[in-house]
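Shown next, in structure tokens, is the structure this report addresses.
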Amino acid sequence: MGEFKNKNSKDFPYLKRLEEKMEEAKDRSPKRSHMSKKYNAGASQIAKKMGEEAVEMVIASGKESDIDFLNESADVFYYFLLALHDRGFNLKDVLLILKERGRK
């Protein structure tokens, strides 16, 4: 489990690229991309999938396997980002709110 802790954010350029891909997927044909299919299905379907994954994460959190918990967390995070981008936001928007709350 320790290998997942204390990683520098610079180690994750994938996150920036993932958000770029999410924006690009909005303009692609649903036949060309999994993300485009999700966008095409609509906000309610993205939310439904995020909810399903959240339930699976909650179940995994009560079990022994850290890797199962992390995998389910990754699924929730993916659909969370997709929902943000579907509404015209990105992760930075949420982080700015958290930063502001931390000042109170």
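With hydrophobic clusters built from ILVMFWY side chains whose heavy atoms lie under 4.5 angstrom apart, Val76 does not share a cluster with Val58. Connection of Val94 to Ile46 is established within a shared hydrophobic cluster, with ILVMFWY side chains joined at heavy-atom distances below 4.5 Å, either directly or through further cluster members. Follow the hydrophobic side-chain contacts under 4.5 Å out from Leu96 and you never reach Leu81; the two are in separate clusters. If you chain together hydrophobic residues whose side chains sit under 4.5 Å apart, Tyr79 and Ile59 never meet in one group. In the hydrophobic clustering of ILVMFWY residues, with side-chain heavy atoms under 4.5 Å counting as a link, Ile97 and Phe80 come out apart.
The pair Arg103-Glu100 meets the salt-bridge criterion, with a side-chain N (NZ, NE, NH1 or NH2) lying under 4.0 Å from an Asp/Glu carboxylate O. A salt bridge links Arg17 to Glu20: one of the charged nitrogens lies within less than 4.0 Å of a carboxylate oxygen.
Two residues are said to be in side-chain contact when any heavy atoms from C-beta on lie closer than 4.5 Å; Met35 and Leu18 meet this criterion. Side-chain contact between Lys63 and Phe69 is absent, with no heavy atoms from C-beta onward closer than 4.5 Å. No side-chain heavy atom of Asn71 sits under 4.5 Å from any side-chain heavy atom of Asp75.
Note that NZ of Lys31 and OG of Ser36 are 12.5 Å apart. Values are rounded to the nearest 0.5 Å. Distance CE/Met50 to CE/Met57: 11.0 Å, rounded to 0.5 Å. Note that the CD atom of Glu19 and the CG atom of Leu82 stand 11.0 Å from one another [nearest 0.5 Å]. Separation of atoms NZ (Lys49) and OH (Tyr78) is listed at 10.5 Å; rounding is to 0.5 Å. Between Lys37 atom NZ and Ser29 atom OG the span is 9.0 Å, to the nearest 0.5 Å.
With hydrogens and angles ignored, the 3.5 Å screen pairs a side-chain donor or acceptor of Tyr39 with a backbone N or O of Met22. In terms of modelled atom types and a separation under 3.5 Å, the side chain of Asp93 and the main chain of Asn90 share a donor-acceptor contact. Panel note: side chain Lys26, backbone His85; a donor-acceptor pair is recorded below 3.5 Å.
In this view, Glu56 and Glu53, Glu72 satisfy the side-chain contact (heavy atoms from CB on, under 4.5 Å) rule, not counting sequence neighbours.
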